[in-house]
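Not measured: the values here are computed from a predicted model. Reminder, nothing fancy here: chain letters follow the sequence lines and each chain counts from 1.
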Amino acid sequence: MSAVAELRRYFTETKRWLLVPVLLLAILPLVTEQYFLSIATQAIILGLFAISVDIALGYVGLFTLAPAAFFGIGAYSVAKLVVDYGSSYWLGFPAAIVLAVVIAVLIGYGPIKRRIGLVYFVLFTLAFGVLVHDFTYATTWLTGGSNGLGYLTAPTLFGIDLSRTVPYYYFALLAVVVVAGLLYWLLSSDYGDVLHATRQNEVRMRYLGYDTDREKLIAWVLSATVSSIAGALYVATVNVASPSLMAFSLTGEVTIWVVIGGLGTFFGPFLAAFGLTIFESYLGAVLPEGYLLILGALFIVFVFVLPDGLVGLLQRWRDGE
Amino acid sequence: MLSIEGLTKEFGSLVAIEDLDLELEPGEIHGLIGPNGAGKTTTINLITGDLAPTRGTIMYDGEDIAGRSPTDIANMGIGRSFQVVQYFPEMTVRKHLRLASRDPTRTVLSAFTPRTDYTEKIEEIAETAHLDGRLDTVAKNLSHGEQRFLDIAMVLAMDPEVILFDEPAAGLNHSETEEVRQIFEDMRGDYTMLVVEHDIDLVRALSDRISVLHNGSILTTGPPSEVVENETVKEVYLGE
């Protein structure tokens, strides 16, 4: 076996290659400046957000236009408890999880059980997303309206001030690695295949004895919950929970990241979200309006030329095609 | 084993199945033939829960399963194949058979328990269904004939008691049809099977008994030699 082929095999067939990006991210604070690190923190969290959307869209085929709503629910859960109730920052996370689970079940149960079909599901989740976004404007007493809820920073943990850039970067990295690791383990089990198969042929799955409505509902709730966790982690990087965290533009952006990364590929959406968030911050300095244009162009290219995304491209490289 | 009485399915004013009685004996291969539109696929769809009957009972293991969901019926031990072959295009044959082998009622929490090893079972089924050597092939890259075998293999992996086959040889060439016949011969006695098929030679060769469906009702039931000699059957179906 040639050295190149051996290298390919080592990095693609074993899971050891996963240590490489984690280690690179771990040493990032040593080689970069504070500003970049704060962007990188957001990029890592948005990577988790993209994974959460991939569970619904890529794995089980639920095309949701509500991810930003759940991201915002997570952000507001933390901000509300800290800013309005003076409560512990850490309580925000269980609150974000419980709220996301409850709302996801309430919103998802009917449409999934009734099998309303792809188009109606898209429209239903769009309506929900818009409703939640407008709700934040309309309920100033609850959400702070257009001003949002602020100002908040992450607290001190074991004597480490998480409100500083480097400690929060490590905290976010650890949280994302733990949550993404658990998800990866879960989706690498038979359960991941159950979701993939449900997307590919739901009818066949039913006749194999699978309750596909139940599997889709679980995947939907899981996706919403992880989106909410990502939102809860994100809010301390911007210090304010504002309606922009629930905006449809964020849903559009994360959907494009998932497509560019590769639907149902887990790592692809993370990679795309991380890379494009960093790219956006650099581009912002030289061509502020250019990001969305480039994102749109990339989306078109990937849909038509590389529908299996970045991961599909890497797989072809691995297979030597 | 499976006993159907007075089964009727109406779609508005159209009566697709009318007062149908059918009994499957344990371990038999039961052919179900009839002209296009006679109600063969509708019968399978009623048994497997795809359609709810207007009237009638479908007794299985002492229970009336009429109107239950496809998921419930599959879990009770009734499997089916499809006229238009149904599979998961991006998955390997091995993954198909693993999904069909595992307990489908175990969902996300199954990830927290040790992974069951189905290797031996999967290899055995692949051999029975003439798919050995294709276990790591992605389903969309199989030939049409192999996709048919995969459909059969998936049903076998479910460990069902009763299997309903909806035209298992549709679209197959002569040698592939012969392979289907061999696969059924290997399965004979292990399962109770209802086979809807247009290839009359195949049905005759395989079936212990044949029922002829005409206008939604059973015209006659009996051993193949008797049924094909029946004058009414010749007239309405065999076109003689």
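- Listed for the B:Thr71 side chain is a donor-acceptor partner under 3.5 Å among the backbone atoms of A:Tyr210.
- A distance of 8.0 Å separates CG in A:Leu313 from CG in A:Asp308, rounded to the nearest 0.5 Å.
- For chain A, the nearby part of B:Arg115 is the side chain; its heavy atoms alone come within less than 4.5 Å.
- Remark: side-chain polar atoms of A:Ser228 are not paired, donor with acceptor, to backbone N or O of A:Ala224 under 3.5 angstrom.
- When B:Lys95, B:His96, B:Arg102 are compared by the number of non-hydrogen pairs under 4.5 Å with chain A, B:Arg102 comes out ahead.
- Aromatic ring pairs are classed by plane angle as parallel below 30°, tilted from 30° to 60° and perpendicular above 60°; the pair B:Phe112 and A:Trp185 is perpendicular.
- Proximity to chain B at a heavy-atom threshold of 4.5 Å picks out nothing from residues 51-70 of chain A.
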Report the C-alpha separation of B:Asp61 and B:Glu63 in whole Å, then their side-chain angles, then the decisive distance to 0.1 Å, and conclude whether the side-chain contact (heavy atoms from CB on, under 4.5 Å) test is met.
CA-CA 6 Å; B:Asp61 268 357; B:Glu63 200 178 331; 5.5 Å; no
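- Using modelled atom types, one side-chain atom of B:Asp64 and one backbone atom of B:Ile58 make a donor-acceptor pair closer than 3.5 Å.
- The candidate from B:Asp50, B:Val108, B:Asn75 with the greatest count of non-hydrogen atom pairs under 4.5 Å with chain A is B:Val108.
- Of all residues in residues 198-206 of chain A, those placing a non-hydrogen atom less than 4.5 angstrom from a non-hydrogen atom of chain B are A:Arg199, A:Gln200, A:Asn201, A:Val203, A:Arg204, A:Met205, A:Arg206.
- Under a cut-off of 6.0 angstrom, the local environment of NZ in B:Lys9 is crowded, with over 12 non-hydrogen atoms contributed by other residues, nucleotides or ligands.
- Contacts with chain A (heavy atom to heavy atom, under 4.5 Å) involve no residue of residues 124-143 of chain B.
- Residues B:Asp208 and B:Arg188 are paired through a salt bridge, judged by an N-O separation under 4.0 Å between the basic side chain and the carboxylate.
- Contact of A:Leu208 with chain B is made through backbone and side chain together, with heavy-atom distances under 4.5 Å.
- Aromatic pair A:Phe302/A:Trp257: centroids not less than 6.0 angstrom apart.
- Among the residues in residues 148-163 of chain B, those with a non-hydrogen atom closer than 4.5 angstrom to a non-hydrogen atom of chain A are B:Asp151, B:Met154, B:Val155, B:Met158.
- Distance alone, capped at 3.5 Å, is enough to place a donor-acceptor pair between the B:Glu176 side chain and the B:Asn173 backbone.
- Between the side chain of A:Ser223 and the main chain of A:Ala219, no donor-acceptor pair closer than 3.5 Å is present.
- A:Trp220 and A:Phe121 have perpendicular rings, their planes meeting at more than 60° on a 0 to 90° scale where under 30° would count as parallel.
- In terms of heavy-atom proximity, B:Gly27 sits nearest to B:Thr192 at N-OG1, 2.9 Å.
- Looking at B:Lys40 and B:Glu167, no side-chain N of the basic residue comes within less than 4.0 Å of a carboxylate O on the acidic one, giving no salt bridge.
- Exactly one residue among B:Leu2, B:Ile73, B:Ile47, B:Ile4 makes a side chain to side chain contact (heavy atoms under 4.5 Å, CB included) with B:Tyr60. That residue is B:Leu2.
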Can you list the steps and then say if A:Tyr207 with B:Phe82 is a side-chain contact (heavy atoms from CB on, under 4.5 Å)?
CA-CA 10 Å; A:Tyr207 286 96; B:Phe82 293 82; 3.4 Å; yes
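- A donor-acceptor distance shorter than 3.5 angstrom exists from the side chain of B:Glu197 to the backbone of B:Asp199, with no hydrogens or angles considered.
- For the pair B:Arg98 and B:Tyr118, the cation does not sit on the ring face, since its NZ or CZ is not both under 6.0 Å from the ring centre and inside 45° of the axis.
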